[in-house]
Amino acid sequence: MHHFTVAELVRGLRSGDYSSSELTQHYLSRIDQHDSALNSYITILAERAIAAAQRADTALRKKDAAPLTGVPIAHKDLFCTAEVRTTCGSRMLDNFISPIDAHVVEQLDRAGVVLLGKTNMDEFAMGSSNENSYYGNVHNPWDEYTVPGGSSGGSAAAVAAGLAPIATGSDTGGSIRQPASLCSVTGMKPTYGRVSRYGMVAFASSLDQGGLIARSAEDCALVLQSMATYDKRDSTAVDYPLPNYMATLTQPLKGKKIGVPQNIYDSRLDPAVADITLAAIDQYRQLGATCMDITLAHNDYAVPTYCVLAMAECSANLARYDGVRYGYQCDNAESVEDLLVRSRSEAFGDEVKRRIMMGTYVLSSGYYDAYYHKAQCMRQVIRDEFVRIFDSVDFIAMPSTPYVSFNLGEKVNDSVQMYLGDTFLVGANLAGLPALSYPAGFATSNRPVGLQLIAPWWHEAQLLNAAHIYQQATDWHRQRPPIAA
Amino acid sequence: MDNQTVQNIAQLAHIKIDPTDKTFIHALRDILYLTDQLKNAPVHDVLPLYNVHRDHLHVREDIPTEVTSREALQSLTPKFHDGFYWVPKIID
């Protein structure tokens, strides 16, 4: 059953091929059997999931099912869940039980999902390898000695390993697409403002966007439909018409124009990744699309711009962790200052501390104009460049990452190398564009490569359509690591 | 970024760092070097972008709302007593 897509599971549950209880028990057994090797979950909710599955079975029997009734799911552990702890991968929130459900959690509950558990992640979503979690690193199901990517590494590893059919993620600077690429699954970052951030623990509020990690574009379409409802509780959510994603999934690509950036194919890109990307683009030509050369002239500024803005926002957002109102509190504080400083210093990991400090630096008097203001101006330049490009093309196709999965520990002490790995990803975040990463091949037998497709604002339907057509013509997304055999 | 600046920033950020932790401090300097690439950014006469959807921003009605109850929020604190958050003594 763990080979089935969500679309197949919905059909199987409705036709009575299996019950939600059987399906949920199957996934829980797999988690019990395999997750000690992967560490993809922080919290497993066996009893709660079985009870929810029994309720789903009752609804299915009464023909009173919602769109996803009985389908198991995992949530990245930054989506707040009432009654279940939300750690955000941090000691700071080790015992934090939110009084609210995130909008995403509410909507998917309403759609009938069964929550299996909450997945591991880099602390406060800061990282590209899932080595920054207080709960230990996650292993890539394709090779346990390599990283799954991050920060949604637990979600990507769980879906790739058949420990969840689908999982939520968040993407501030590539945190859905990068692990999706490294684990050979499909990861979707919607347009900024499409999915409410209400109840999603904040890292960089102008960039954070909830999304999905799944086995196929079709599954992303099916679940995004229930997740992307407008929510006025998030002041940056936009009440933009929500199309029927499934209705346009199979439209032919003839006449679609794909922009292919030429200036990114240099020595910084793994040749195997370049070859696979170009082969995938060639596949699109065969599917009827027209591919056109374009230039992303400002892409080299994207990572420095992202770093300044994300770190500035992180330092402001994480100032709320004061050891008083909620979260970790140190023992035997001698003064309020001691309580504040020691609580934060004992509970935050090194990468979070670095980003808070850099954010404090770029916002401080004397440096604000040189860094923060300049980065905001550069963000405008990058956005304008995408506007111009999308005047002449429907999509941009490029690699998700410049490399394949690397060994655990290999880059953990080199923050800059880690950040530069997001060089093809952060542009979509800075501009607020929707983007997908999906399997396009393997550099070696256990080193997957993902293709990234970026579309204009609010064009998720077109993006899912283009990825679905590719997935109908190829079988890279059906490849499974041995652990999921 | 000299050692004194690192300590000043740490104090502003309410984080204590070990001044002998060279790995941590070198990483900060490497990140600063990366962000210094913005010095050459082509932003002459460009206005900053503060929101990618400036045409879609909505303003909520000016009506007070209570999303979460006071009791629920106060139950999250590690130390709470008699309606107050407990912190170490501030005034002697």
Side-chain angles (χ1 to χ4, degrees), chain A residues 96-97 99-100 192-193 206 232-233 235-236 238-240 298 300-301 303-305 307-308 315 319 323-326 329 333-336 338-342 344-345 348 350 353-354 356-358 360-362 364 370-371 373-381 383 413-416 419 431-432, chain B residues 1 5-6 8-17 21 23-24 26-28 30-53 55-61 65 67-69 71-80 85-90:
Chain A
F96 173 64
I97 297 177
I100 58 154
Y192 180 80
S206 80
K232 65 181 179 185
R233 294 171 299 183
S235 63
T236 59
V238 179
D239 191 7
Y240 203 83
H298 300 110
D300 282 350
Y301 289 108
V303 168
T305 301
C307 282
V308 169
S315 77
V324 177
R325 290 169 298 171
Y326 62 99
Q329 187 177 78
E334 293 173 356
S335 65
V336 172
D338 184 41
L339 173 70
L340 181 57
V341 172
R342 270 206 298 125
R344 290 165 62 83
S345 304
F348 288 141
D350 277 355
K353 287 178 188 170
R354 272 194 288 271
I356 291 173
M357 285 184 61
M358 286 306 303
T360 306
Y361 182 77
V362 300
S364 63
Y371 292 100
H373 180 79
K374 200 167 227 181
Q376 290 288 49
C377 293
M378 198 58 220
R379 187 174 187 182
Q380 181 72 66
V381 171
R383 185 186 187 278
N413 289 321
D414 191 342
S415 298
V416 169
Y419 301 164
Chain B
M1 189 188 276
T5 304
V6 171
N8 290 347
I9 295 296
Q11 190 180 0
L12 273 175
H14 297 297
I15 286 170
K16 186 175 173 56
I17 62 164
D21 186 348
T23 305
F24 186 90
H26 283 166
L28 285 179
D30 287 346
I31 298 166
L32 190 61
Y33 183 73
L34 175 71
T35 57
D36 274 346
Q37 290 175 24
L38 285 176
K39 279 180 180 165
N40 302 319
V43 294
H44 186 65
D45 286 340
V46 176
L47 292 173
L49 186 155
Y50 291 109
N51 189 303
V52 292
H53 300 312
D55 300 332
H56 291 289
L57 283 177
H58 70 268
V59 180
R60 69 170 173 83
E61 290 174 45
T65 55
V67 176
T68 310
S69 73
E71 289 72 25
L73 291 172
Q74 289 175 340
S75 71
L76 303 173
T77 188
K79 287 179 186 161
F80 187 80
Y85 291 94
W86 271 40
V87 294
K89 198 171 181 181
I90 297 172

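We name chains A, B, ... by the order of the sequence lines, and we start the count at 1 in each one.
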Given that the side chain runs from C-beta out, which part of [X] has a heavy atom under 4.5 Å from chain B: side chain, backbone, both or neither?
X	value
A/Leu340	both
A/Val362	neither
A/Ala431	backbone
A/Asp300	backbone

State, to 0.1 Å, how close [X] and [Y] come at their nearest heavy-atom pair, and which atoms those are.
X	Y	result
A/Pro99	B/Ala72	CB-CB, 4.0 Å
B/Pro88	A/Leu339	CD-CD2, 3.8 Å
B/Thr35	A/Cys307	CG2-CB, 4.0 Å
A/Val341	B/Ile15	CG1-C, 4.2 Å

What's the spacing between [X] [atom1] and [Y] [atom2] if we round to 0.5 Å?
X	Y	atom1	atom2	result
A/Tyr326	B/Tyr85	OH	OH	10.0 Å
B/Thr23	A/Asp350	OG1	CG	9.0 Å
B/Leu32	A/Met357	CG	CE	11.0 Å
A/Arg325	B/Phe80	CZ	CZ	13.0 Å
B/Asn8	A/Thr360	CG	OG1	12.0 Å
B/His14	A/Ser345	NE2	OG	10.5 Å

Region of [X] in contact with chain A, defined by heavy-atom distances below 4.5 Å:
X	result
B/Leu47	backbone
B/Ser69	neither
B/Phe24	both
B/Thr68	side chain
B/Tyr33	neither
B/Val6	both

Legend entry - A/Met358 side chain near B/Met1 side chain, heavy-atom distance below 4.5 Å: yes
Legend entry - Among B/Asn51, B/Asp36, B/Leu12, residue most engaged with chain A (heavy-atom pairs, under 4.5 Å): B/Asp36
Inset, instruction - Among the options B/Lys79, B/Lys89, B/Gln11, pick out the one with the most heavy-atom pairs lying under 4.5 Å from chain A. - result: B/Lys79
Got a donor-acceptor contact below 3.5 angstrom from the [X] side chain to the [Y] backbone?
X	Y	result
A/Arg383	B/Val52	yes
A/Tyr301	B/Gln37	no
B/Thr77	A/Val324	yes
A/Ser415	B/Ala27	no

Legend entry - Partner chain B: residue of A/Arg354, A/Lys353, A/Met378, A/Arg342 with the largest heavy-atom pair count (under 4.5 Å): A/Arg354
Inset, instruction - Could you tell me which of A/Asp414, A/Thr305, A/Asp338 has the largest number of non-hydrogen atom pairs under 4.5 Å with chain B? - result: A/Thr305
